[in-house]
Amino acid sequence: MTQNERLLAGVYENFRHNPQAQFDVDELERNLSRDQRFEFSELVKALTFLEHEKKIITDGKGKYQLNQENIVVEGVFKANDKGFGFVKLDDEQAEDVFIDKHNTQFAIDGDRVQVKIVAGANPWNGKGPEGKVEKIVERGVETLVGEFHPYSDETAQKSGFIGYVTSENRKLKKYKINIADTGVKPQMGDMIQISIKKYPDEDNPEEMQAVALQTIGNKNDPGVDIMSIVVDNDIRTEWPKEAMDQANSIPDHVTPEDKKGRVDITDQPAVTIDGDDSKDFDDAVVVEKLPNGNYKLGVHIADVSHYVKEGTPLDKEAFARGNSTYLVDRVIPMLPFRLSNGICSLNEGVERLVLSCDMEITPEGKRVGYKIYPSVMKSHGRLTYNKVNQTLDPNRDDPEEEKYHKLKPMLEDMAELHNILYKNRHKRGAIDFEEPEAKIIVDDKGKPTDIVLHERGTAEKMIESFMLMANETVAEDYYKKNLPFLYRVHETPDQEKMQSFFEFVSAFGLNVKADPSDVKPKDLQKIVSKTEGTPEEAVVQMMMLRSLKQAHYSPDPLGHFGLAAEYYTHFTSPIRRYSDLMVHRMIHQYADQGHGKEVQAHFKSKLPEVAEQTSTQERRSIDTERSVNDLKMTEFMADKVGQTFDAIVSSVTSFGMFIQLPNTVEGLIHISNLNDDYYNFDEKSLTLTGRNSHKQFKIGMPIKVKLIRADVEQHQIDFEIYDPDAPKKAQSRGKRSFNKKRRSNNRFSNNRNNGFTIRKRTNAAARAKRK
């Protein structure tokens with residue numbers, strides 16, 4: 001290969017490895033000169049040749065980019081109701097590829113597809129890439145839940161299908177899914193789970209074939225709406241017989257055999273502090289002030305791993321579930337209630353097995369010693385957040401319950417220690433988001449009756465502080481022992497997202513002096529601190545959260561950006577998280593079997609699978625919880641159509657804006673309902689601006705809205721801007737329209753005899769814009 005050929009190949013590879021990037025000649029020269037020597041004129045000739053061969057494109061002003069036409073990429077197909085779609089590529093920085101409705105190859109929403117680019121992106125004219133689906137690599141939907149509609153006997157006999165199902169998923173609703181007879185006999189209106197056997201094709205573009213897996217219940221029965229979401233998200237609700245047999249064989253009390261090798265800490269005044277309606281208690285805490293002025297913090301966690309051994313039926317089922325799922329009217333537990341609410345729960349006054357983490361902490365918040373060990377404890381109090389907050393409130397004069405009165409000195413020490421730990425975390429840069437939690441109240445039939453906002457008090461915050469400290473301590477201990485371990489990680493955010501976020505907050509007058517390519521937690525913490533107590537606080541926090549990466553589990557100690565923690569794991573909730581159960585299991589085996597190669601090799605081989613499964617199941621539970629909340633919030637708003645509300649703009653898009661009510665209910669104002677002007681969307685500032693009026697809508701802006709639609713089936717809430725003068729304006733428009741029509745009729749009458757016809761012209765462009 002000649003020098004010129006090597007240069008040409010190097011230039012093209014530079015573009016190929018950075019398909020979205022634009023380079024000028026100077027940048028290319030710097031990139032390529034690291035690997036080879038060449039004349040500047042040779043580089044210019046190479047660029048000219050690649051442009052002539054249509055390998056690259058240019059803006060004509062010295063910027064070049066890869067021409068993406070005819071390259072094949074892979075990603076996930078996102079369908080639009082109108083038939084077209086977009087493919088989200090694996091490269092997070094890459095632009096979504098538009099797929100015309102004639103080029104989808106009958107892919108459905110969620111399918112993984114291979115796409116051939118038929119028209120490359122041109123950043124200089126604002127046009128994104130367009131593609132054609134070449135191959136469906138993997139189906140995104142294999143099972144789903146829908147409403148069953150039976151066929152008549154005659155149709156069933158002729159077609160071979162007992163009926164059809166329609167999905168409640170808006171993007172799949174257009175498909176008629178025929179159900180083969182496999183022995184499951186659903187009735188009209190039943191919600192059923194199905195397994196798809198045949199997908200849309202050229203002969204049947206809007207039909208599929210499936211078999212029924214189970215009947216959930218009639219769609220009008222209480223609780224079936226929630227269970228339909230649960231089943232649709234593949235959340236396991238049935239217990240295998242082997243797992244239940246194992247659970248039932250476990251004693252409901254701690255035996256003398258269980259206590260062997262454990263430290264007896266039953267005399268310590270450890271207490272559980274949880275919500276009023278909590279039933280599974282997996283953490284207890286105790287604080288003691290030492291003679292040297294330091295604090296001794298004891299965090300004692302239910303030792304689930306003692307009862308759920310690796311490879312047993314219970315362990316396999318817990319692994320499959322990954323975690324408990326908490327919904328508005330029920331909990332779908334990771335472990336059977338016999339364990340989660342019984343022998344593993346740190347119930348008041350009974351002995352329980354725990355893994356303990358004792359930490360000595362100075363008044364400055366520095367941990368100067370710790371010990372992790374198995375023990376036997378007895379809870380000296382089942383306390384609640386509400387009553388602990390009342391006990392710690394200096395403005396309350398009414399006497400506490402005897403139990404709280406007796407424990408008050410220790411609770412005050414706990415509050416002191418929490419403040420110390422919080423200040424220490426803040427000092428190192430941990431980002432602390434304070435937003436109220438919304439709780440949906442439902443009656444015994446599952447109907448939502450209220451949405452209550454709950455602000456976290458000292459009790460909630462101090463338990464969080466103690467759990468964070470224990471999690472960090474355990475993670476650091478096993479990292480420094482250089483042993484395979486499972487970490488909870490939160491990676492540094494992407495440069496591009498940080499750059500966009502910094503530009504966004506600059507609109508609020510916040511001058512961010514930070515490098516988006518090397519952002520530190522302290523940089524973001526400063527932004528949160530500057531907006532605290534201001535109207536911009538909520539919106540800045542919301543946009544910051546959207547700019548951060550998602551926390552997940554990993555065998556690699558990648559640190560936790562949000563907590564500004566170098567080492568972090570999940571140790572404190574083994575009743576409801578498999579990750580914590582796995583951490584307990586490793587602690588025990590390293591203590592019992594040593595740190596030999598065999599033990600290390602075993603966990604090293606297991607951890608990638610555990611990290612992937614627990615991260616996936618966590619996401620699945622969160623999606624399920626959100627879907628249920630969306631459903632119940634829509635139900636709650638259904639009888640309020642026509643009412644007006646104060647709100648804020650929570651998000652702005654090209655198709656409208658999302659608004660949020662004070663009770664956290666969210667809905668959409670579609671751009672078609674902004675009919676007082678034509679609005680332009682600015683992606684950089686995330687604003688909608690009226691072309692004529694220059695009226696602007698931006699995130700965080702207070703707004704008065706009217707509820708116009710609450711579609712329970714689609715979990716969709718629509719608003720419009722409330723205009724108190726709308727009836728007067730409509731009346732005025734009606735009069736003008738009547739007078740205009742009368743004048744038009746007169747003109748038509750006058751011209752008719754002269755052979756002319758006056759036709760009303762419609763503004764097609766304006767009509768298209770409204771759509």
With rounding to the nearest 0.5 Å, note down the distance linking [atom1] in [X] to [atom2] in [Y].
{"X": "E401", "Y": "K387", "atom1": "CD", "atom2": "NZ", "value": "3.5 Å"}
{"X": "L417", "Y": "L297", "atom1": "CG", "atom2": "CG", "value": "5.5 Å"}
{"X": "F319", "Y": "L314", "atom1": "CZ", "atom2": "CG", "value": "15.0 Å"}
{"X": "N389", "Y": "E455", "atom1": "CG", "atom2": "CD", "value": "11.5 Å"}

Ionic contact status for [Y] with [X], cut-off 4.0 Å:
{"X": "K403", "Y": "E348", "value": "yes"}
{"X": "E464", "Y": "R456", "value": "yes"}
{"X": "E472", "Y": "R428", "value": "yes"}
{"X": "E351", "Y": "R262", "value": "no"}
{"X": "D494", "Y": "K549", "value": "yes"}
{"X": "K260", "Y": "D258", "value": "no"}
{"X": "D267", "Y": "K378", "value": "no"}
{"X": "E402", "Y": "K406", "value": "no"}
{"X": "D630", "Y": "R626", "value": "no"}
{"X": "R577", "Y": "D580", "value": "yes"}
{"X": "K632", "Y": "D225", "value": "yes"}

Just checking, is any N or O donor in the side chain of [X] or [Y] under 3.5 Å from an acceptor N or O on the other one?
{"X": "S305", "Y": "D303", "result": "yes"}
{"X": "E416", "Y": "Y295", "result": "yes"}
{"X": "E491", "Y": "H552", "result": "yes"}
{"X": "N386", "Y": "D276", "result": "yes"}
{"X": "E460", "Y": "H454", "result": "yes"}
{"X": "E360", "Y": "N292", "result": "yes"}
{"X": "Y578", "Y": "D315", "result": "yes"}
{"X": "Q495", "Y": "D518", "result": "no"}
{"X": "N482", "Y": "H595", "result": "no"}
{"X": "S345", "Y": "N347", "result": "yes"}

Ring-face cation contact, W239 with R338, 6.0 Å cut, 45° max: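 Checked: cation-pi criterion not met.
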
Lys/Arg cation over aromatic F603: K606, 6.0 Å, 45° cone: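 Cation-pi check for K606 and F603: fails.
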
Within the 6.0 Å centroid threshold, strictly below: H570 and Y553: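 Yes, they do, as the ring centres are separated by less than 6.0 Å.
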
Sub-4.5 Å side-chain heavy-atom contact between S379 and R352: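 No. Closest side-chain heavy atoms not under 4.5 Å.
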
Heavy-atom side-chain proximity of V540 to F501 below 4.5 angstrom: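 Answer yes - side chains close enough.
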
Worked verdict on H418 versus F466 for ring-ring contact (aromatic ring centres under 6.0 Å, His included): CA-CA 7 Å; H418 151 64; F466 299 162; 7.4 Å; no

Side chain to side chain contact (heavy atoms under 4.5 Å, CB included), paired with P557, selected from Y478, Y568, F485, Y479: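 For P557, the side chain to side chain contact (heavy atoms under 4.5 Å, CB included) check succeeds only for Y479.
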
Considering all heavy atoms, the nearest A564-G429 contact: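 Smallest heavy-atom distance, with atoms named: CB-C, 3.7 Å.
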
